[in-house]
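Notes to accompany the following structure.
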Amino acid sequence: MSKDTPENRLTKLETWAWGPNQNNGVDLSIKGLWAVVRRIDRTIMIASGAMIIVQPLVLAALVKWLVGK
């Protein structure tokens, strides 16, 4: 049976967190979260771009409606 040393604990923790081949554990979770962040960022950028285009049109229609009364 192996001794409980700080090195052994660190090795066990690394294996638990990263997995044996770096393709699972925390690494996969971080990649998944990063993909979600990129999707949210893309959505925000698209919405911001749409507002830059649509906002002047809405303001012009509102001014025309108010002046026309």
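Along the sequence shown, the residues carry numbers beginning at 1.
For the atom pair CD1 (Ile46) and CG (Asp41), the distance works out to 10.0 Å, reported to the nearest 0.5 Å.
Side-chain heavy atoms closer than 4.5 Å link hydrophobic residues (I, L, V, M, F, W, Y) into clusters, and following such links, possibly through other members, connects Ile44 to Val36.
Annotation: side-chain contact (heavy atoms from CB on, under 4.5 Å) contacts of Thr43 (sequence neighbours excluded): none.
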